[in-house]
Colleague: 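Below you will find the structure I want to go over with you.
Worth saying up front: this structure is predicted, and the values here are computed from it rather than measured. Atoms within a ligand are numbered from 1 in the order they appear, just like the ligands themselves.
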Amino acid sequence: MKQLMTARQLKLAVLASGRGSNFDAICRAIERKDLNAQILVLISDQPQAPALAKATARGIEALPINPRDYSGRDAYEERLVRELEARQVDLVVLAGYMRLVGKVFLKAYEHRVLNIHPALLPSFPGLNAQQQALDYGVKFSGCTVHLVDEGMDTGPIIMQRVVPVLDDDDQETLSQRILKEEHELYWQALQLIAEGRVWIEGRRVVVKAD
Ligand code: GAR
């Protein structure tokens, strides 16, 4: 069994494509000192992403990197990796980053990229997970923090939270209920890593007592 990371103050980079509410929730946890980490940079693949403005407002470096400016995914990810390495980032936190992570990125940051997904994986990977859950008719859904591998939302699961699906839910109400849990779950998973308590063997992640 391998320790994901020895105990430390985490140096994070957050990658976000949109709104950035998970980014904000992680920032608040750091401010409250619930999470022992610092965010060195917020990177977005969408130059207009509200997450960039949220970072700037908090005094965190906001860096747009537009994949369209590169010849392909490898070249784009080489730039990403250069920026991450220049800042000596420990962990990369995907927070609403709507792009598959490729081999260049994963080779440089194996077991060091986390994602949050708004469903109980392996159910409902990919886009519109909340609507997928409604369409299927499940009675419970939730959110998952997992390590990123080359698949679509397929990496080893670190933590999950369950929420009920109510009869009168629509995509908006279910998404809100899940999002509230996401905002708690992500920093808690990160804090367990900061405490050096997260271990991995194959697909299984184990959280050890202090
Ligand atoms: C969150 O619900 C996150 O779980 C989801 O996008 C939203 C981003 O919100 N991510 C995915 O669906 C990834 N497959 P935010 O920008 O407000 O954090």
Side-chain angles (χ1 to χ4, degrees), residues 12-31 34-35 37 39 41-58 60 62-67 73 77 80 91-102 105-106 109 113-136 138 140-165 169-190:
L12 305 177
V14 178
L15 266 63
S17 301
R19 179 175 59 182
S21 75
N22 274 290
F23 163 69
D24 240 358
I26 293 167
C27 291
R28 290 197 300 273
I30 293 172
E31 278 169 16
D34 283 338
L35 171 58
I39 300 178
V41 63
L42 178 289
I43 299 175
S44 183
D45 59 326
Q46 302 292 330
Q48 305 304 326
L52 287 164
K54 285 196 165 96
T56 303
R58 288 185 176 278
I60 292 170
L63 179 63
I65 303 180
N66 190 343
R73 184 158 78 173
E77 291 197 340
L80 268 182
L91 262 183
V92 184
V93 176
L94 308 187
Y97 179 67
M98 297 311 205
R99 196 169 279 281
L100 263 183
V101 172
F105 193 170
L106 283 172
Y109 284 87
V113 186
L114 265 71
N115 183 42
I116 191 157
H117 183 74
L120 295 175
L121 293 171
S123 293
F124 317 129
L127 293 177
N128 303 318
Q130 303 93 335
Q131 188 62 49
Q132 290 186 56
L134 286 170
D135 291 346
Y136 197 93
V138 291
F140 292 91
S141 189
C143 48
T144 304
V145 173
H146 65 95
L147 291 169
V148 173
D149 63 11
E150 60 290 338
M152 168 84 84
D153 301 320
T154 51
I157 291 170
I158 300 177
M159 286 175 93
Q160 294 186 302
R161 280 240 189 140
V162 179
V163 308
V165 180
D169 266 340
D170 57 21
Q171 206 249 345
E172 182 57 30
T173 56
L174 179 59
S175 297
Q176 280 305 324
R177 193 174 309 117
I178 293 172
L179 193 64
K180 195 160 168 274
E181 300 303 321
E182 291 183 45
H183 292 168
E184 286 291 302
L185 189 70
Y186 219 172
W187 69 259
Q188 291 179 6
L190 288 164

Colleague: Please answer whether the main-chain N or O of Phe124 pairs with a side-chain N or O of His117 as donor and acceptor at a distance below 3.5 Å.
Modeller: yes
Colleague: Scan side-chain atoms only and decide if Thr173 and Asp170 contain a donor-acceptor pair under the 3.5 Å cut-off.
Modeller: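 A donor-acceptor contact under 3.5 Å links the two side chains.
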Colleague: Under 4.0 Å from any heavy atom of Asn22, which atoms of ligand 1 are there?
Modeller: 1 (C), 15 (P), 17 (O), 18 (O)
Colleague: Relative to atom 17 (O) of ligand 1, which among Ser175, Ala129, Ser21 owns the nearest non-hydrogen atom?
Modeller: Ser21
Colleague: Give the residue and atom name of whichever protein heavy atom lies nearest to atom 8 (C) of ligand 1, and the separation in Å to one decimal.
Modeller: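 Nearest protein contact, heavy atoms only, for atom 8 (C) of ligand 1 is Gly96 CA, 3.6 Å.
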Colleague: Please state which protein non-hydrogen atom is closest to atom 6 (O) of ligand 1 and give its distance, to 0.1 Å?
Modeller: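 For atom 6 (O) of ligand 1, the nearest protein heavy atom comes out as Met98 CE, 3.6 Å.
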Colleague: State whether Arg28 and Asp34 are salt-bridged, where the test is any N-O pair (Lys NZ or Arg NE/NH1/NH2 against Asp/Glu carboxylate O) under 4.0 Å.
Modeller: no
Colleague: Within the structure, is a non-hydrogen atom of Gly20 found at a distance of less than 4.0 Å from ligand 1?
Modeller: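 Distance cut 4.0 Å: Gly20 passes for ligand 1.
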Colleague: In terms of side-chain heavy atoms, does Asp153 have a donor or acceptor partner in Asn115 at a distance below 3.5 Å?
Modeller: yes
Colleague: Just to confirm my output: which protein heavy-atom neighbour is closest to atom 4 (O) of ligand 1, and how far is it?
Modeller: Glu182 OE1, 2.7 Å
Colleague: Going by distance only, is there an N or O of Tyr97 that falls short of 3.5 Å from an N or O of ligand 1?
Modeller: no
Colleague: Among protein heavy atoms, which sits nearest to atom 14 (N) of ligand 1, and what does the distance come to when rounded to 0.1 Å?
Modeller: His117 ND1, 3.3 Å
Colleague: Is a side-chain N or O of Glu77 found less than 3.5 angstrom from the main chain of Phe105, in a donor-acceptor match?
Modeller: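 Yes; at least one donor-acceptor contact below 3.5 Å.
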Colleague: Would you find a donor on one side and an acceptor on the other, under 3.5 Å apart, between the side chain of Arg161 and the backbone of Thr144?
Modeller: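 No, because the side chain of Arg161 does not come within donor-acceptor range (under 3.5 Å) of the backbone of Thr144.
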Colleague: Rounded at 0.5 Å granularity, tell me how far CD1 in Ile26 sits from CD in Glu31.
Modeller: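 These two atoms lie 12.5 Å from each other.
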Colleague: Looking only at protein heavy atoms, which one is nearest to atom 5 (C) of ligand 1, and what is the separation?
Modeller: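 Looking only at protein heavy atoms, the one closest to atom 5 (C) of ligand 1 is Pro118 CD, 3.8 Å.
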Colleague: Identify the closest protein heavy atom to atom 9 (O) of ligand 1: which residue and atom is it, and at what distance?
Modeller: Arg19 NH2, 3.0 Å
